[in-house]
Student: 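One structure, as structure tokens, below. Some questions next.
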Amino acid sequence: MRDEEKAKDQLIKELQKMREKVAGLEEVKLDYKQLDKKLKQSFKKLQKIIEGTANIITKVVETRDPYSIGHQQKVSKLATAIAQEMKLTQEKIEGTKIASLVHDIGKVNLPTEIISKPDKLIEVEFNLVKNYPRVGYDILRKVDFPWPIAEIVYQHQEKIDGSGYPRGLKADKICIEAKILGVANVVEAMTSYKSYRPALSIDEALIEISKNKNILFDPEVVDTCLKLFKEKGFKFES
């Protein structure tokens, strides 16, 4: 009987130890959940701060070009919708959104007479303009964003056939966020009034990007953009 009692006592002790370990694990699990919640809350606050900063940058650009008022916000709305419809990761969606809000920051380096010129730019002027994504990159790369914002801005005027600027990147050398931003930027720009031309209708803009699908623009991005406007009822806010 003594052996049985000893075995029973030993078993009880082992069960108690196991219960203590389980309780410890539950406590760690609870601490992890609380920590995870705090981290998520902090990240959301950080996102709001970044978005607020991005909107300030947008306002600075708009003060130098009255025709660009609302442009970056509209581009961001469309680019974000395309990224979501393409089911990109949340990280890429957020990166696309923020990069779209600041994609014209490099234009602060351009002379006002070029930015607001009422006629089409001559070659020398356009060559100056083609450098603005690089200027934007140089400004933004100094900021430690959680996303590759500087590189997305650097690439957003590139075209998949290599005819874009400033580096002449082709196809897979262009990140998907920049491909999305590029299409959203073109669509919004074409449907907005400029000092040197009237605004196109959204249908005309969609026809234009369709013509250049797989030439200048990524086909999946173009198809998704068309789907948003034609099937999902997407509209730019007036």
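Side chains are part of it too, since the values below use all heavy atoms of this structure and drop only hydrogens, waters and symmetry mates.
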Student: Does V75 belong to the same Ile/Leu/Val/Met/Phe/Trp/Tyr cluster as M86, with side-chain heavy atoms less than 4.5 Å apart forming each link?
Tutor: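 No, because V75 and M86 fall into different hydrophobic clusters, even though each may have its own neighbours under 4.5 Å.
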Student: Which heavy atom of F229 sits nearest a heavy atom of F236, and at what distance?
Tutor: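 Smallest heavy-atom distance, with atoms named: CZ-CE1, 3.9 Å.
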Student: With a 4.5 Å cut-off on side-chain heavy atoms, are V143 and I149 touching?
Tutor: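 No - every pair of side-chain heavy atoms lies 4.5 Å or more apart.
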Student: Measure the shortest side-chain to side-chain distance between W147 and E94 over non-hydrogen atoms and say whether it is less than 4.5 angstrom.
Tutor: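 The answer is yes, as the side chains (C-beta and beyond) meet within the 4.5 Å cut-off.
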Student: May I ask you to check whether Y132 and Q157 show a side-chain donor-acceptor distance below 3.5 Å?
Tutor: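 Yes, Q157 and Y132 have a side-chain donor paired with an acceptor closer than 3.5 Å.
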Student: Any side-chain heavy atom of H156 sitting closer than 4.5 Å to one from P133?
Tutor: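 In contact.
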Student: Quick check on E113: does its CD atom have over 12 non-hydrogen neighbours (other residues, nucleotides or ligands) under 6.0 Å away?
Tutor: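 Result for CD/E113: enclosed.
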Student: Are any of the side-chain heavy atoms of D104 and K107 separated by less than 4.5 Å?
Tutor: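 The answer is yes; the side chains approach within 4.5 Å.
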Student: Is it the case that K77 places NZ or CZ above or below the six-membered ring of F234, under 6.0 angstrom from the centre and within 45 degrees of the axis?
Tutor: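 Yes - K77 lies over the ring of F234, closer than 6.0 Å to its centre and within 45° of its axis.
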Student: Report whether V186 and V222 are members of the same hydrophobic cluster (ILVMFWY, side-chain heavy atoms less than 4.5 Å apart, transitive linking).
Tutor: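 Hydrophobic grouping puts V186 with V222.
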Student: If you link I, L, V, M, F, W and Y whenever their side-chain heavy atoms are under 4.5 Å apart, who else ends up in the same group as I207?
Tutor: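 So far as hydrophobic clustering goes, I207 is joined with none.
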Student: Step by step, would you call D218 with V183 a side chain to side chain contact (heavy atoms under 4.5 Å, CB included)?
Tutor: CA-CA 8 Å; D218 182 90; V183 168; 6.0 Å; no
Student: Under 3.5 Å, is there a donor on one side chain and an acceptor on the other for Q73 and S76?
Tutor: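 No donor-acceptor contact under 3.5 Å links the two side chains.
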Student: Within a strict 4.5 Å, meaning less than it, do heavy atoms of the L226 and E231 side chains meet?
Tutor: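 Side-chain contact under 4.5 Å: no.
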Student: Give the minimum heavy-atom separation between A199 and T191, together with the two atoms involved.
Tutor: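 Smallest heavy-atom distance, with atoms named: CB-O, 3.5 Å.
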Student: Take L181 and H103 through the test side chain to side chain contact (heavy atoms under 4.5 Å, CB included) and record every step on the way to the result.
Tutor: CA-CA 9 Å; L181 172 51; H103 72 274; 3.8 Å; yes
Student: To the nearest 0.5 Å, tell me how far Y165 OH sits from R134 CZ.
Tutor: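 Here the rounded value is 12.5 Å.
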Student: Only pairs at least two apart or in different chains count here, so list each salt bridge (Lys or Arg N to Asp or Glu O under 4.0 Å) that has a residue in residues 142-164.
Tutor: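 Applying salt bridge (Lys or Arg N to Asp or Glu O under 4.0 Å) to every pair that reaches into residues 142-164, excluding sequence neighbours, yields E151-R167.
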Student: Below 4.5 Å, heavy atoms only, C-beta onward: do F217 and I209 meet side chain to side chain?
Tutor: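 In short, these two side chains touch, coming nearer than 4.5 Å.
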Student: Applying side chain to side chain contact (heavy atoms under 4.5 Å, CB included) to N109 and L128, what does each step give before you reach the verdict?
Tutor: CA-CA 10 Å; N109 198 49; L128 281 174; over 6 Å; no
Student: Using a distance-only test with no angle check, is there a side-chain donor-acceptor pair under 3.5 angstrom linking T224 and E220?
Tutor: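 The answer is no; no qualifying pair exists.
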Student: Looking at CG of L228 and CD of Q84, how far apart are the two atoms once the value is rounded to the nearest 0.5 Å?
Tutor: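 That separation rounds to 9.5 Å.
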Student: I need the C175 SG to I152 CD1 distance, nearest 0.5 Å.
Tutor: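 Nearest 0.5 Å value for the SG-CD1 distance: 5.0 Å.
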Student: So do E208 and N212 actually touch side chain to side chain, heavy atoms under 4.5 Å?
Tutor: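 A side-chain contact under 4.5 Å exists here.
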Student: Is it the case that the side chain of K179 and the backbone of A171 share a donor-acceptor pair, with hydrogens and angles ignored and the cut-off at 3.5 Å?
Tutor: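 Here the side-chain-to-backbone pair exists.
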Student: Step by step, work out the side chain to side chain contact (heavy atoms under 4.5 Å, CB included) result for I180 and L88.
Tutor: CA-CA 11 Å; I180 291 171; L88 299 189; 3.6 Å; yes
Student: A184 and L78: which non-hydrogen atoms are nearest, and at how many Å?
Tutor: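 What the structure gives for the nearest pair is CA-CD2, 3.7 Å.
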Student: Between OG1 of T89 and CD1 of I176, what distance do you get to the nearest 0.5 Å?
Tutor: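 So the OG1 of T89 and the CD1 of I176 are separated by 11.0 Å.
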Student: What residues form a salt bridge (Lys or Arg N to Asp or Glu O under 4.0 Å) with D223, not counting sequence neighbours?
Tutor: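 Counting only residues at least two positions away or on another chain, D223 forms a salt bridge (Lys or Arg N to Asp or Glu O under 4.0 Å) with K213.
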Student: If you take all heavy atoms of I215 and I160, which pair is closest and at what distance?
Tutor: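 Reported closest heavy-atom pair: O-CG1, 3.2 Å.
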Student: Which heavy atom of H71 sits nearest to which heavy atom of N185, and what is that distance?
Tutor: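 Heavy atoms of H71 and N185 come nearest at NE2-OD1, 2.8 Å.
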Student: How many angstroms lie between OG in S100 and CD in E188, if you round to the nearest 0.5 Å?
Tutor: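 Result: 11.5 Å between the selected atoms.
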Student: Can you name the nearest heavy-atom pair linking L206 to K230, along with the distance?
Tutor: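 For L206 versus K230, the nearest heavy atoms are CD1-CE, 4.3 Å.
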Student: Between the side chain of E177 and the main-chain N/O of G95, is any donor-acceptor distance below 3.5 Å?
Tutor: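 Not confirmed, E177 side chain does not pair with G95 backbone.
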Student: Is it true that L169 and Y137 fall in one hydrophobic cluster, defined by side-chain heavy atoms closer than 4.5 Å?
Tutor: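 As far as the 4.5 Å side-chain criterion goes, Y137 and L169 are not connected within one cluster.
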